[in-house]
Every structure is written in C-alpha cells, then in structure tokens.
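Chain letters run A, B, ... following the sequence lines, proteins first, then strands; residues in each count from 1.
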Amino acid sequence: MTNKVRVRFAPSPTGGLHLGGVRTVLFNYLFAKKHGGDFILRIEDTDQTRFVPGAEEYIIECLKWCGLTPDEGTEAGGEYGPYRQSERKDIYRKFANQLVSEGKAYYAFDTPEELEEKRAEIPNFQYGHSFRHQLRNSLTLPKDEVQRLLDEGTPYVIRINMPSNETISFTDLIRGFVSFDTTLVDDKVLLKADGMPTYHLAVVVDDFLMKITHAFRGEEWLPSAPVHLMLWKYLGWEDAMPQWAHLPLILKPDGNGKLSKRDGARLGFPVYAMNWADPSGGEVTPGFREMGFLPEAFINLLAMLGWNDGTDQEIFSIAELVEKFSLERVNHSGAKFDFEKAKWFNAEWIKKVNAEALQEDVLTLLTANNIKVSDSTKLVKIIGLVKDRCTLLTDFILQAGYFFKGPVSYDLDAVKPKWNVQKEDFFTVFISELEQLEHFATEEIEGLFKKLVADKGLKIGDVMLPFRVMLVGGKFGPAVFDIASLVGKEETISRIQKALEAFR
RNA sequence: GGUCCAUUCGUCUAGGGGUUAGGACGCAAGAUUUUCAUUCUUGAAACAGGGGUUCGAUUCCCCUAUGGACUACCA
C-alpha cells in the first residue's frame, strides 16, 4: 500500500505560464518531495489548433528558474514515456474503442454546428441522459447505419455514456467529501474527430499508465471530476485511481473572478512567471523574473497564497516549505492576488540573501543598462550597502548604478533654492583638500569634510545634502562618505566639479 | 438557468463553544537614520445575515444572501 508518491504537472503548451500554474506545480513538487516521491512533467498538447511553438520550452525554462525541476518528463526522460500526449495518440484510441465495445462509450456523428443549434434553441441542452436519444449516434442509429457511416469515413467523436441516477463521490484531499448526481453530468467527448483524445480521456489514461498517486489541479476542474471518476471505473482501474486535490483559485485583486493576464496588464503587474513573447504577434507579456523578482520570493509568495503553517512565519525557503507543507493546511477558498504583498516578499528576500548571491543578477542588469562594472569585489560591497533599499532587482540600477557612473541629471529642487556662493566656495576648497588626502577612505573624508564645515562656519546639514546630490544625483542612497570612498578620489572630485557648474 | 465549491480587518490569513478575535501586507502617526530606504513603537481596521443547538456561539447544524468555478470535438 506504500507505493511511491508520483505526482504530475500537465500543462498545455498554449502560451505563457500563469502564476496559478506555477502554484499548482509548487504544491505538486512540495508534496512529492515531502514524501520522497517523483514529480513528473507531462505535456498535454492534444489540441492541435491551440499549439504554440516555443511554449513547451518556455514552460520548462520557467520551472528551472523556479527551481522546481521535474524528476521525469519530456526532458528528464523516464520509463513511462512518451511524456507528450500527441505522441501517445494510439494509446488513447485503443481505450476509447474498448469503452465503445463495452457499451460505456458511443460514436456520435453530430456536427459541431448541429450541436450549437441545439444549444441555442433548447435552454438547458446538454449532450447526455436527457437528449442523447434524439441525436445522431450509435445509441440511436441502427447498427448497419453506424457501420456505413464509419466505413464512409464520416467524422465522428466518441462520447462517454454517463449512467443516470447514480451518485458519484470522492474525498478530495483538500475539501473533503464531494458528490455528484450522474444524471446531471453530460456525455463528454472522449475522442475528437481528429483522433486526438480530449483532456478527459487523456488525463485518466495517462495518470493510470504513469502510476500517478496524487492528482493536483485547480478548482476549475471540480465540475468535471465525475467524468474522470466514471472513466476510472469504466476502465476497471478504480483501485489505482489517484487521490484528488483541487486547489483554490487565485483571483483578481479587484472585482471578481479568476486572475488573468489581462488583469496584470490592466493593473500593472506580471501574471506570468517569465516574459512571454507571443510568436505570432510578437507582443510580450511581462513576467515576474524580468520584473525583478527573485525565484525564492516568487515561490514563497505563491506558497502563502492558500497555505500557511499555522504560525506567524511568512518567509520560507523551498527547503522549509518541503519540510512543513501539508495538504490539511491548504485553504478552501480562492485568494485575491495582492501585488503589494508580492513586492514585500521580494524585498524581504533581497534583504535575506547575501550580496554574493545577488552579484550575477545585478551585474547583468547594470550591464544591460550601459553601466560598466570593472571590479566585482567592489560590486559585492555596493550590493551589501544598498540591498536593504531595493524592493525589486531592477531597483539596483538606480541604487547601485551611480557608484559606477556619475549622475546625468540632478535633483536641483533639493539644492538650488538654498545654494549660494558660500557653499560653492566650501566645495572648491573641499576639492583642493581632497586632492591632498592620502588615505581616501570613509573616515578620512568625513573628518576632512567636518573640519572644513567648522572652519567655514557652516552647519553640516547645509552642505551634506548638496554633496550627496553631487555624487548620486538625488536624495537617496547610503551614507555619503561611504559613497565617496567607493567612488574614488578622482571621480569624487570630478563629480563635485561637474555639479558645481550645474548648481550655478 | 443548472451543477459544484466557498464566505474572519481593504488584502493574505491564525484561531476556535467562554479570547481585549492574533499576525502580515497596505495605510496613518511617531522614534532612529544630518538623504532615501531599512529598523523600531503605536494606531485605525474583520467573524455576511437569519434561525436553531447550548448556560454561552465568531466557532456546531440549517436556511438565506453574496462571491466564484464549470456548463466546447479548450485545457
């Protein structure tokens, strides 16, 4: 009874990876790792009309970035392949045929147009118990007629024959006992006219063949659970059926409903894990990675959307999540996505992680913004100095950039109103004294600065802010003298000179 | 319309028959930091409504309301 835990994430390669999808992956992964099991990636590409080139690679890349690498799947391989459903076409047909021959499914010849008409004219039309006998299928047509249609190559689908007046129920790992009346469930298509299975057939067949023990998916799948349950029963695999866990949805921050990528565009935050460039239109949908999120933070915030460990702890590493995760503590209701809180998680992680760990990302960012970094030791030092004031990785461009590149503009409003010849004079003298300074370090610069302030009869506050603006361009950043020492003697002097002209 | 699921501060949530209903984000105020941020302190802010059960319900039960998901030859 102690079979190895096997879970799967089964996306369809139709575009970017939604944050809700990543959370499903995460919960799969956490559960698998917690129980020493395997995490499988299966590509559900049964809808050929929606296939998008590059989407599969993109999904794999997202999982890598998140650190949620599959143990088994299209890339990792494994003994239950192929892991792409389009390559398993024959398998599904075999089982569909088996169901037909056993009377558990049937051929249906109605065209999509005919069905659409029915739906338009009959209020609560559904292809099932109440209407299937008025339609063109192997239940209503004479046997030889069915054979003739088949022989002629008439397009058909295979539909499940749902029984009536049965109660079908199961215990969901998250929401407990759930039951349905089969009379109200329609005869879902199992095999499409193009010979591909629908999700309903494919998920059951593959979960069985791949020995999946626990099936996680979004709550939007709950209504089709009875079809899947019935299929497990019809196929005679009931004893091998995975335990179901329907995850709560991630909702729009405002208004109502499932979070969509449109909400992100409307409200100004990413919904996808990474940037997604649509291959046809070329339009790019922003992702958390490019927006400047750390994968640790992204994972952390997703985990907290629907789960908690019962304490006040909110910052968890992936290792801690694996250790503490439990399905009993997953919430039942949907959670509205809050981008402000998401940013807070990222800021916390930037503070938590050490400067070396940030080095590579920051270097890439600075370089991309035409800021040349020559000295990596210096960079690490700077990161350590400014990281507490960064919320997103992209904040490092502003917060660390001026250490390597002088300001191109100044916050003149902060300086000019109180600027005068006396202050200008102070800095002129300061420059010449700086030139004499042998040991150009924080304390020496500060000592010199303060001494000069006293000599000139000024207040330190009068020249401190101008000095900062000279070096940084604005009213931000760590201690001014630290900045000066890191920037170096020559550069400091040259920045003061430049600024002096701008301040005049 | 039908089926299913859900309901604690604005948001994410803890809690659970007797609590000053706890934390976090955000917001406000203050302290520290001769900038900004960090940090710290404080504050405003919630049990959807109605019936039961009970000595006592926010907690258990029922109903209502509200919200959501699904209702394709999409997943």
Side-chain angles (χ1 to χ4, degrees), chain A residues 10-14 44-47 49-50 85 108 110-112 115-116 119 123-127 155-159 172 174-176 178-181 183-186 188-200 202-203 217-226 246 248-249 251-258 301 304-315 329 331-345 347-348 351 386-391 395 398-399 411 414 459-469 472 474-480 483:
Chain A
S12 68
T14 52
E44 307 218 328
D45 55 350
T46 54
D47 186 355
T49 63
R50 294 212 306 160
Q85 292 184 330
D110 324 82
T111 65
L115 294 178
E116 214 153 293
R119 275 188 270 268
N124 280 326
F125 176 83
Q126 55 175 19
Y127 208 123
Y156 67 91
V157 298
I158 292 178
R159 284 180 182 273
D172 188 274
I174 291 171
R175 45 202 80 231
V178 183
S179 80
F180 300 85
D181 177 356
T183 311
L184 279 352
V185 179
D186 56 347
K188 287 274 182 261
V189 170
L190 264 21
L191 202 76
K192 299 183 266 189
D194 65 0
M196 278 290 191
T198 57
Y199 170 82
H200 306 295
V203 73
R217 50 165 38 164
E219 192 194 314
E220 71 264 33
W221 288 108
L222 209 42
S224 55
H246 289 91
L249 265 16
L251 279 10
K252 299 178 197 299
D254 57 349
N256 316 305
K258 265 202 291 189
L301 73 92
M304 300 314 286
L305 231 39
W307 177 86
N308 71 81
D309 76 339
T311 72
D312 287 344
Q313 186 177 346
E314 290 196 274
I315 303 298
R329 297 208 60 89
N331 273 296
H332 296 190
S333 50
K336 289 185 182 177
F337 180 69
D338 180 357
F339 189 52
E340 290 307 317
K341 183 119 190 196
K343 285 194 289 191
W344 174 79
F345 275 106
E348 288 300 307
K351 280 187 276 180
V386 303
K387 72 193 189 77
D388 283 8
R389 57 197 81 213
C390 293
T391 298
D395 291 339
L398 182 67
Q399 296 290 350
D411 183 352
K459 276 183 287 182
I460 196 153
D462 296 336
V463 278
M464 194 86 141
L465 187 64
F467 188 29
R468 168 178 297 281
V469 176
V472 175
K475 296 192 286 181
F476 59 90
V480 229
I483 299 173

Inset, instruction - Could you tell me whether A/M304 contacts a base, only the sugar-phosphate backbone, or nothing, with contacts defined as non-hydrogen atoms closer than 4.0 Å? - result: sugar-phosphate

Inset, instruction - Tell whether A/N124 reaches the base of B/rG1 with its side chain through a donor-acceptor pair below 3.5 angstrom. - result: yes

Legend entry - C1'-based separation of B/rU54 from B/rC61 [nearest Å]: 12 Å

Inset, instruction - Output yes when at least one side-chain N/O atom of A/R329 is less than 4.0 Å from OP1 or OP2 of B/rG15, else no. - result: yes

Inset, instruction - Would you mind classifying the nucleic acid contact of A/G257 as base, sugar-phosphate or nothing, using non-hydrogen atoms under 4.0 angstrom? - result: sugar-phosphate

Inset, instruction - Look at all strands and tell whether A/R175 reaches a base, only sugar-phosphate, or nothing, counting heavy atoms closer than 4.0 Å. - result: sugar-phosphate

Inset, instruction - Would you indicate what A/D110 reaches in the nucleic acid, counting non-hydrogen atoms under 4.0 angstrom: base, sugar-phosphate, or nothing? - result: base

Inset, instruction - Indicate yes or no: at least one non-hydrogen side-chain atom of A/Q85 is less than 4.5 angstrom from one of A/P197. - result: no

Inset, instruction - Write down the distance between CG (A/D395) and C1' (B/rC36), rounded to a whole number of angstrom. - result: 12 Å

Legend entry - Selection from B/rG26, B/rU13, B/rA6 that lies nearest to any side-chain heavy atom of A/S333: B/rA6

Inset, instruction - Please measure how far the P atom in B/rU19 lies from the corresponding atom in B/rC25, and state the result in whole Å. - result: 28 Å

Inset, instruction - Counting Watson-Crick and G-U wobble pairs only, both distances under 3.5 Å, name the nucleotide matched with B/rU3, or none. - result: B/rA69

Inset, instruction - Could you check whether A/P478 gets within reach of a base, just the sugar-phosphate, or nothing at all, counting any heavy atom under 4.0 Å? - result: base

Inset, instruction - Just call it for A/K258: base, sugar-phosphate, or nothing, with non-hydrogen atoms closer than 4.0 Å on any strand. - result: sugar-phosphate

Inset, instruction - Describe the nucleic acid contact of A/N331 in one word from base, sugar-phosphate, nothing, applying a heavy-atom distance below 4.0 Å. - result: sugar-phosphate

Inset, instruction - Check whether any side-chain N or O of A/Q126 sits under 3.5 Å from a backbone N or O of A/L184 as a donor-acceptor pair, and report yes or no. - result: yes

Legend entry - Residue-phosphate contact under 4.0 Å: A/K252 side-chain N/O, B/rG68 OP1/OP2: no

Inset, instruction - Apply the side-chain contact (heavy atoms from CB on, under 4.5 Å) test between A/R159 and each candidate in A/V189, A/D186, A/L190, A/T198; give the one that qualifies. - result: A/V189

Legend entry - Between B/rG23 and B/rA75 - C1' atom distance, rounded Å: 38 Å

Inset, instruction - Mind checking A/R217 for me? I need base, sugar-phosphate or nothing, with any heavy atom below 4.0 Å counting as a touch. - result: nothing

Inset, instruction - Please answer whether the main-chain N or O of A/I174 pairs with a side-chain N or O of A/H332 as donor and acceptor at a distance below 3.5 Å. - result: yes

Legend entry - Heavy-atom check, side chain of A/E219 versus side chain of A/R175, under 4.5 Å: yes

Inset, instruction - Using only side-chain N and O atoms of A/K475, determine if any of them is under 4.0 Å from OP1 or OP2 of B/rA37. - result: no

Inset, instruction - Can you tell me the distance, in whole Å, between the CH2 atom of A/W221 and the P atom of B/rA69? - result: 15 Å

Inset, instruction - Assign each of A/H332 and A/P223 to its nearest nucleotide of RNA chain B by heavy atoms, then name whichever residue's nucleotide is nearer the 5' end. - result: A/H332

Inset, instruction - Taking atom types as modelled, find out whether A/D47 and A/T49 have a side-chain donor-acceptor pair closer than 3.5 angstrom. - result: yes

Legend entry - B/rC47 and B/rU7, which share atom name P, separated by this distance in whole Å: 16 Å

Inset, instruction - Would you mind reading off the distance between A/K387 atom NZ and B/rU39 atom P, rounded to a whole angstrom? - result: 12 Å

Inset, instruction - In whole angstrom, give me the gap between the P atoms of B/rU71 and B/rU41. - result: 50 Å

Inset, instruction - Assign A/A193 to base, sugar-phosphate, or nothing according to its heavy-atom contacts below 4.0 angstrom with the strands shown. - result: base

Inset, instruction - Using both distances under 3.5 Å as the test, list the Watson-Crick or G-U wobble partner of B/rC40, or none. - result: B/rG30

Inset, instruction - Report yes if a side-chain nitrogen or oxygen of A/K343 is closer than 4.0 Å to either non-bridging phosphate oxygen (OP1 or OP2) of B/rC12; otherwise report no. - result: no

Inset, instruction - Have a look at A/F337 and say if it touches a base, only the backbone sugar-phosphate, or nothing, with a 4.0 Å heavy-atom cut-off. - result: nothing

Inset, instruction - Give the nucleotide from the list B/rC4, B/rC36, B/rC12 with an atom nearest to the side chain of A/V178. - result: B/rC4

Inset, instruction - Mind calculating the distance between NZ (A/K188) and P (B/rU3) to the nearest angstrom? - result: 15 Å

Inset, instruction - Would you mind reading off the distance between A/W344 atom CH2 and B/rA37 atom C1', rounded to a whole angstrom? - result: 16 Å

Inset, instruction - Starting from the 5' end of RNA chain B, give me the residue, A/A335 or A/A108, whose nearest nucleotide shows up first. - result: A/A335

Inset, instruction - Can you figure out which of B/rU11, B/rA75, B/rU35 approaches the side chain of A/Y199 most closely? - result: B/rA75

Legend entry - Length of the line joining A/R119:CZ and B/rU71:P, which is rounded to integer Å: 11 Å

Inset, instruction - Would you indicate what A/D47 reaches in the nucleic acid, counting non-hydrogen atoms under 4.0 angstrom: base, sugar-phosphate, or nothing? - result: sugar-phosphate

Legend entry - Residue pair A/R468 / A/L465, side-chain heavy-atom distance below 4.5 Å: yes

Inset, instruction - May I ask you to verify if any side-chain N or O of A/R468 is less than 4.0 angstrom from the OP1 or OP2 atom of B/rC36? - result: no

Inset, instruction - Quote, to the nearest angstrom, the P distance that separates B/rA14 from B/rC73. - result: 39 Å

Legend entry - Watson-Crick or G-U counterpart of B/rA45, or none if no pair lies under 3.5 Å: none

Inset, instruction - Name the nucleic acid region contacted by A/V189, choosing base, sugar-phosphate or nothing; use a 4.0 angstrom heavy-atom cut-off, strictly under. - result: sugar-phosphate

Legend entry - Pair A/H246-A/R217, side-chain contact (heavy atoms from CB on, under 4.5 Å): steps then yes or no: CA-CA 5 Å; A/H246 289 91; A/R217 50 165 38 164; 3.0 Å; yes

Inset, instruction - Can you tell me the distance, in whole Å, between the NZ atom of A/K351 and the P atom of B/rA37? - result: 13 Å

Inset, instruction - Could you check whether A/T311 gets within reach of a base, just the sugar-phosphate, or nothing at all, counting any heavy atom under 4.0 Å? - result: nothing

Legend entry - A/E116, CD atom: more than 12 neighbouring heavy atoms under 6.0 Å: no

Inset, instruction - Have a look at A/T46 and say if it touches a base, only the backbone sugar-phosphate, or nothing, with a 4.0 Å heavy-atom cut-off. - result: sugar-phosphate

Legend entry - Rounded distance in Å between the C1' positions of B/rA28 and B/rA44: 8 Å

Inset, instruction - May I have the distance from A/E314 (atom CD) to B/rA24 (atom P), rounded to whole angstrom? - result: 8 Å

Legend entry - B/rU8 versus B/rG49 - spacing of their C1' atoms, nearest Å: 15 Å

